[in-house]
Amino acid sequence: MSHPQSYEILLFPEPEETATGAPEPATAIRSAVVAATGDTGASGYPRYTGEGMEADIDPASHTVEALLVDGAELDYGLTVRIAERIGGTQEVPEAGAGHEPEPAGAEAPVSPERPGEG
């Protein structure tokens, strides 16, 4: 299975939602472009790193399964979203296309024993 080579990870301070159900990208408090490392993380999903973030991302559902920011787990109250990047440009799936990125983070804290479970 071919996996995307990079994603943009967006961190939001709370799960504010627009009419389309997703926070506006401009409201992110931090973002980073992460690239595939070729490794598989402890969660069993492909590992992506870059700009101080390390994430295990399920390429089928575009879900962040585990995430470290500057080597630390996410604080409660933060939400994570991703956008696939193809050829250096951001590609955001159309709403309702069945591939919209899923939030992760505050409701699923990352633990050192089993990232992605909490």
Taking all non-hydrogen atoms of both residues, which atom of [X] and which atom of [Y] are closest, and how far apart?
| X | Y | value |
| --- | --- | --- |
| A36 | Y48 | N-CD2, 3.3 Å |
| L78 | P13 | CD2-CA, 3.8 Å |
| G50 | A32 | O-CB, 3.9 Å |
| I57 | Y7 | CD1-CD1, 3.5 Å |
| A42 | D56 | N-OD2, 3.5 Å |

Side-chain contact, heavy-atom cut-off 4.5 Å: [X] with [Y]?
| X | Y | value |
| --- | --- | --- |
| E73 | L68 | yes |
| V80 | I9 | yes |
| V34 | E51 | no |
| L11 | L74 | yes |
| F12 | R81 | yes |

_Would the distance check show the side chain of T37 and the main-chain N or O of R47 forming a donor-acceptor pair, the cut-off being under 3.5 Å?_
yes

_Rounded to the nearest 0.5 Å, what separates atom CD1 in I29 from atom CG in L10?_
11.0 Å

_D70: partners by salt bridge (Lys or Arg N to Asp or Glu O under 4.0 Å), with sequence neighbours left out_ = R30

